[in-house]
Colleague: 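What follows is a single structure, and I will ask about it in a moment.
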Amino acid sequence: VIQHMTLDQGVRYFCNVFQSGARVLITTTFPDTTLNTNIGEGDFYRNNLMLEPFSFPKGDSCVLTHPEIEKDLTCAYDLTKSWVEEFMSSKC
């Protein structure tokens, strides 16, 4: 979903997810992307969650999403880990 949002909207999206009390997040990332590019709402970019403004750690478990089409990964993240609190205190 965030690959269709502006970067600010993407950060706010994750703030809402983390504040919801969810314990696991499953989302897509494009690890070969070297810069998260701000886009217009509804456009598309290949987001890399390990880069700013998201700065996620490596996913706890990842699988290729579309191996025949592109190198995106679907990853599971344990939201009980300390990086989530750090994200919320600095970005939310």
Side-chain angles (χ1 to χ4, degrees):
V1 168
I2 68 159
Q3 66 267 27
H4 300 289
M5 297 178 181
T6 68
L7 294 177
D8 286 342
Q9 288 172 329
V11 169
R12 286 195 311 269
Y13 168 82
F14 286 122
C15 288
N16 289 333
V17 170
F18 298 161
Q19 291 168 346
S20 76
R23 299 175 54 86
V24 175
L25 172 68
I26 298 174
T27 190
T28 304
T29 187
F30 293 79
D32 290 345
T33 296
T34 58
L35 177 69
N36 285 320
T37 306
N38 207 19
I39 58 167
E41 185 177 324
D43 290 341
F44 172 81
Y45 74 105
R46 288 174 172 80
N47 59 291
N48 183 338
L49 294 177
M50 294 195 314
L51 301 178
E52 281 293 328
F54 309 112
S55 302
F56 279 31
K58 186 176 178 181
D60 295 301
S61 177
C62 298
V63 296
L64 286 169
T65 308
H66 305 103
E68 302 297 323
I69 300 170
E70 55 193 352
K71 296 182 180 179
D72 58 327
L73 299 175
T74 297
C75 298
Y77 295 88
D78 179 349
L79 300 186
T80 67
K81 293 185 176 178
S82 62
W83 70 269
V84 175
E85 285 296 324
E86 294 166 13
F87 182 101
M88 290 194 307
S89 67
S90 66
K91 300 180 186 291
C92 301

Colleague: Can you name the one residue among Y13, F14, W83 that meets ring-ring contact (aromatic ring centres under 6.0 Å, His included) with F54?
Modeller: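 When ring-ring contact (aromatic ring centres under 6.0 Å, His included) is applied between F54 and each of Y13, F14, W83, only F14 qualifies.
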
Colleague: Would you say S61 and Y77 make side-chain contact, with heavy atoms under 4.5 Å?
Modeller: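 No. Closest side-chain heavy atoms not under 4.5 Å.
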
Colleague: So, the side chain of T33 versus the backbone of L35: is there a donor-acceptor pair under 3.5 Å, distance only?
Modeller: no

Colleague: The test is side chain to side chain contact (heavy atoms under 4.5 Å, CB included); show your working for N36 and N48 and say whether it passes.
Modeller: CA-CA 6 Å; N36 285 320; N48 183 338; 4.0 Å; yes

Colleague: Can you tell whether the side chains of R46 and D32 come within less than 4.0 Å, N to carboxylate O?
Modeller: no

Colleague: To the nearest 0.5 Å, how far apart are OG in S55 and CG in L51?
Modeller: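 One finds 7.5 Å between OG of S55 and CG of L51.
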
Colleague: Could you tell me whether the side chain of L79 reaches within less than 4.5 Å of the side chain of V24, counting heavy atoms only?
Modeller: no

Colleague: I need the I2 CD1 to R12 CZ distance, nearest 0.5 Å.
Modeller: 12.5 Å

Colleague: Rounded to the nearest 0.5 Å, how far apart are NE2 of H4 and CG of D43?
Modeller: 9.5 Å

Colleague: For residues F30 and K71, determine if any side-chain heavy atom of one lies less than 4.5 Å from a side-chain heavy atom of the other.
Modeller: no

Colleague: Without hydrogens or angle criteria, can the side chains of D8 and T6 be said to hold a donor-acceptor pair below 3.5 Å?
Modeller: no

Colleague: Under a plain distance cut-off of 3.5 Å, with no hydrogens placed, do T74 and T65 share a side-chain donor-acceptor pair?
Modeller: yes

Colleague: To the nearest 0.5 Å, what is the distance between CD on Q3 and CZ on F44?
Modeller: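 Q3 atom CD to F44 atom CZ measures 5.5 Å (nearest 0.5 Å).
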
Colleague: Quick one: pull up CG in D60 and NZ in K58 and give me the separation to the nearest 0.5 Å.
Modeller: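 Spacing of CG (D60) from NZ (K58) equals 10.5 Å.
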
Colleague: Do the side chains of E52 and K91 get close enough for a salt bridge, i.e. N-O under 4.0 angstrom?
Modeller: yes

Colleague: To the closest 0.5 Å, what do you measure between CG (N47) and OG1 (T29)?
Modeller: 5.5 Å

Colleague: Is there a path of hydrophobic side-chain contacts, each under 4.5 Å between heavy atoms of I/L/V/M/F/W/Y residues, joining V1 to V17?
Modeller: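 Yes.
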
Colleague: Could you walk me through whether Q19 and C92 pass side chain to side chain contact (heavy atoms under 4.5 Å, CB included), step by step?
Modeller: CA-CA 9 Å; Q19 291 168 346; C92 301; 3.7 Å; yes

Colleague: Yes or no on side chain to side chain contact (heavy atoms under 4.5 Å, CB included) for L7 and Y45, after CA distance, side-chain angles and deciding distance?
Modeller: CA-CA 10 Å; L7 294 177; Y45 74 105; 3.4 Å; yes

Colleague: What's the verdict on side chain to side chain contact (heavy atoms under 4.5 Å, CB included) for T27 and L49, showing C-alpha distance, side-chain angles and the deciding distance?
Modeller: CA-CA 9 Å; T27 190; L49 294 177; 3.3 Å; yes

